[in-house]
Engineer: 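Sending over a structure as C-alpha cells; questions will come in a sec.
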Amino acid sequence: MQTGRRGFLGAAALGAGLVSFERLAEAAMVHDHGDPGAGGFGRNSVALPDGAEVAYHDPKDVAAMPDFRFSLDGNAPKVTSGGWAKEATVHQFPISKGIAGVHMYLNPGASRELHWHAIAAEWAFVIEGECQTVVLEPSGASEINNFKPGDLWYFKRGHGHAIQCIGDKPCHFILSFDNGAFSEHGTFSITDWVDLTPKDLLAKEFGIPKDIFDAFPKGEVYIQQGPVLKAEDALEAPWPKESTHKFRLLNDNRAVRDFDGGSFRLATVDEFPASSSMSGGLMVLKPGEMRKLHWNVNANEWHYYLRGKGQVAMFGSGGRGKVAEFKPGDVAYIPMGFGHAIRNTGDEDLEIVQTWDNGKFEEIDLDRWIQTSPSYLLSNNFTGVKKDVLGNMKKA
C-alpha cells in the first residue's frame, strides 16, 4: 500500500457526526476512498472535505497492465510441403482478444488449399511476390484476383477461398482476422473434409465410383507444393470495383492519409466496400518521428512490424502505462480506447502493417483535444502549470 499524500480525503457520513475531520484527513493519506455513505444520498448530497491534488490508484481496483508485444515471427511455424505459417492468437498472446494474425509464406508453385473460417473474416497485406486468390460467396458468385506487393484482400467470415503463389518467386503476406481466437489449426480445409467423409457419400455427391477417392490425400495438405504457375497463365475473373475483394493500397489515391513525419495508406469500408468488418493499411515513420498520442474509439488495433525499430507507449487508465520496444516480426495489440503513440527509434524507416476490427476507422488525437478545450478548463486540470505553457500546447 502506498502512503504519501495521494488520493482524495475521506469524508463524514451524512448526519453521523461521529467521524472527525482529522480522521478523514488521515484516511486520505493512504487511499482515495471515503467511509461508506460519505457524501450523502440523492438530493441530500453534501460536499466533502478537500482531498489531495492527485488521486491514488489502488492496484487492486484495476487489472495489471498486460504485455502488448509478441514475436509472431519468433513463434513456431506450421510447415507443410509448399510453405509455412506462423500465428499470434489470444492463446499465445492473451491481450489480443479481438484480432489474430498470421505470417504466411508460399513457395513457387504452392497453394493454400480451398478452405473457410467459421469464426473470423480475413484481411491480407502482400509483402513480397505474387499470388492469386479464389473466393466463393453463398450466392454462388466467385471472384479470381491476382495480387502484387502492397495489395490487400478481404474475405468475409465463412466464405470459401484459396491462395496460390504465381510466378517463379515465393510470395508471403500478413493475414489479420477479426477474432483473437482464430487459429490456422482450426480452418475448414477441403482435403480434410474429403478424407473424413464416407466414400459412398462422396461417390453420390460427385457421381463417380467411390474407389477413386482412395487416391485422395489422407488428411489436410494445408499448403501444398505443385508445379510453378506462370503469372501470364494465372487468368483473373474480377468483379466490379465496388464489390471486389481486392484493393491496391499503394496505388489508390483514396488511401492516402499522410502526416508530418510519415506516410499512411489506409483502406476502410469507405474506400474498400468489401472490407465490412476490418480497416487496415501501411504506416511508415521516418527516423526520430512519431505517430502522436491518440486513441481508437471503435476498434482494437493490431500491428505487424515489417522493418526498422519502434517504440509504443500505451496508456491503460487507472494509473497504468507501459512502454515496449518493437523490431521486425513483432506484433502489437492496442485494446480499444487505450491511449498510445508510436515512435521510430532506429536509423531507417519504420514500416508497420496495421489493422482494426471495424470497417469504420475512428480515432481522437490528444493535441486536438487540448486545442479545442477552454483555457480555463486546462488550467483547472493541470494545476500549477503556467498559462503560457498551456497556451503553447493549444497552438501545437
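Predicted model only: the values in this text are computed from it and were never measured. Numbering starts at 1 and runs along the sequence shown.
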Engineer: Is the closest basic N to carboxylate O distance between Asp252 and Arg254 below 4.0 Å?
Structural biologist: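 Yes, Asp252 and Arg254 are salt-bridged.
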Engineer: Any chance you could lay out the side chain to side chain donor-acceptor pair (under 3.5 Å) test for His303 and Gln354, step after step, and finish with the verdict?
Structural biologist: CA-CA 5 Å; His303 301 170; Gln354 297 178 295; 3.2 Å; yes
Engineer: Which side chain to side chain donor-acceptor pair (under 3.5 Å) pairs, counting each pair once, include a residue from residues 190-209, with sequence neighbours left out?
Structural biologist: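 Pairs touching residues 190-209 that pass the test: Glu113-Thr191.
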Engineer: Counting only heavy atoms not in Lys309, do more than 12 sit closer than 6.0 Å to its NZ atom?
Structural biologist: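 Not more than 12 within 6.0 Å, no.
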Engineer: Checking side-chain contact (heavy atoms from CB on, under 4.5 Å) against Glu351, which of Val284, Asn344, Ile127 comes through?
Structural biologist: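 Of Val284, Asn344, Ile127, side-chain contact (heavy atoms from CB on, under 4.5 Å) with Glu351 is met by Val284 alone.
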Engineer: If you count every heavy atom of other residues, nucleotides or ligands that lies below 6.0 Å from Asp260 atom CG, does the total exceed 12?
Structural biologist: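 Not more than 12 within 6.0 Å, no.
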Engineer: Would Lys78 pass as a cation-pi partner of Tyr222, given that its NZ or CZ must be under 6.0 Å from the six-membered ring centre and within 45 degrees of the axis?
Structural biologist: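 Yes, cation above the ring, under 6.0 Å and within 45°.
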Engineer: For atom CZ of Arg307, is the number of surrounding heavy atoms from other residues, nucleotides or ligands below 6.0 Å larger than 12?
Structural biologist: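 For Arg307, atom CZ is crowded (more than 12 foreign heavy atoms under 6.0 Å).
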Engineer: Within a reach of under 6.0 Å around NZ of Lys386, are more than 12 heavy atoms found that belong to other residues, nucleotides or ligands?
Structural biologist: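 Not buried by this count: 12 neighbours or fewer within 6.0 Å.
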Engineer: Using 4.0 Å as the upper bound for N to carboxylate O, is an ion pair formed by Lys394 and Asp367?
Structural biologist: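 No salt bridge links Asp367 with Lys394.
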Engineer: Taking the basic N atoms (NZ, or NE/NH1/NH2) and the acidic carboxylate oxygens, is any pair closer than 4.0 Å for Asp151 and Lys148?
Structural biologist: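 No.
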Engineer: Taking C-beta and beyond as the side chain, do Val221 and Ser81 meet within less than 4.5 Å on heavy atoms?
Structural biologist: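 The answer is no; the side chains never approach within 4.5 Å.
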Engineer: Do the ring centers of Trp302 and Trp123 come within less than 6.0 Å of each other?
Structural biologist: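 Centroid distance Trp302-Trp123: not below 6.0 Å, so no.
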Engineer: Is the number of heavy atoms from other residues, nucleotides or ligands under 6.0 Å of Lys246 NZ greater than 12?
Structural biologist: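 For Lys246, atom NZ is crowded (more than 12 foreign heavy atoms under 6.0 Å).
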Engineer: Could you check whether any side-chain heavy atom of Glu271 comes within less than 4.5 Å of a side-chain heavy atom of Phe361, counting everything from C-beta outward?
Structural biologist: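 Not in contact.
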Engineer: Using only atom types and a distance under 3.5 Å, with no angle test, would you say the side chain of Asp330 pairs donor to acceptor with the backbone of Tyr305?
Structural biologist: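 No, because the side chain of Asp330 does not come within donor-acceptor range (under 3.5 Å) of the backbone of Tyr305.
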Engineer: Donor-acceptor check, side chain of Thr187 to backbone of Ser189, threshold 3.5 angstrom: yes or no?
Structural biologist: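 A pair under 3.5 Å: no.
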Engineer: Does any N or O in the side chain of Gln132 come within less than 3.5 Å of the main-chain N or O of Ala231, such that one atom is a donor and the other an acceptor?
Structural biologist: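 Here the side-chain-to-backbone pair does not exist.
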Engineer: Would Glu301 and His340 count as having a side-chain donor-acceptor pair, cut-off 3.5 Å?
Structural biologist: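 Short answer, yes.
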Engineer: When the aromatic ring centroids of Tyr304 and His103 are compared, is their separation below 6.0 Å?
Structural biologist: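 Yes, close enough.
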Engineer: Run Lys230 and Asp168 through salt bridge (charged side-chain N to carboxylate O under 4.0 Å, His left out) and show every step you take.
Structural biologist: CA-CA 7 Å; Lys230 294 180 181 179; Asp168 58 3; over 6 Å; no
Engineer: Given 3.5 Å as the limit, does a donor-acceptor pair link the side chain of Asn75 with the main chain of Lys86, or not?
Structural biologist: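 Such a contact is absent between Asn75 side chain and Lys86 backbone.
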Engineer: If we check ring pair (Phe, Tyr, Trp, His ring centres under 6.0 Å) with His245, which of these qualifies: Trp239, Tyr154, Phe147?
Structural biologist: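 Running ring pair (Phe, Tyr, Trp, His ring centres under 6.0 Å) over Trp239, Tyr154, Phe147 with His245 returns exactly one hit, Trp239.
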Engineer: Give a yes or no on whether Arg320 atom CZ has more than 12 heavy-atom contacts from other residues, nucleotides or ligands under 6.0 Å away.
Structural biologist: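 Buried by this count: over 12 neighbours within 6.0 Å.
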Engineer: Is any side-chain N of the basic residue among Arg291 and Asp365 closer than 4.0 Å to the acidic one's carboxylate O?
Structural biologist: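 Yes.
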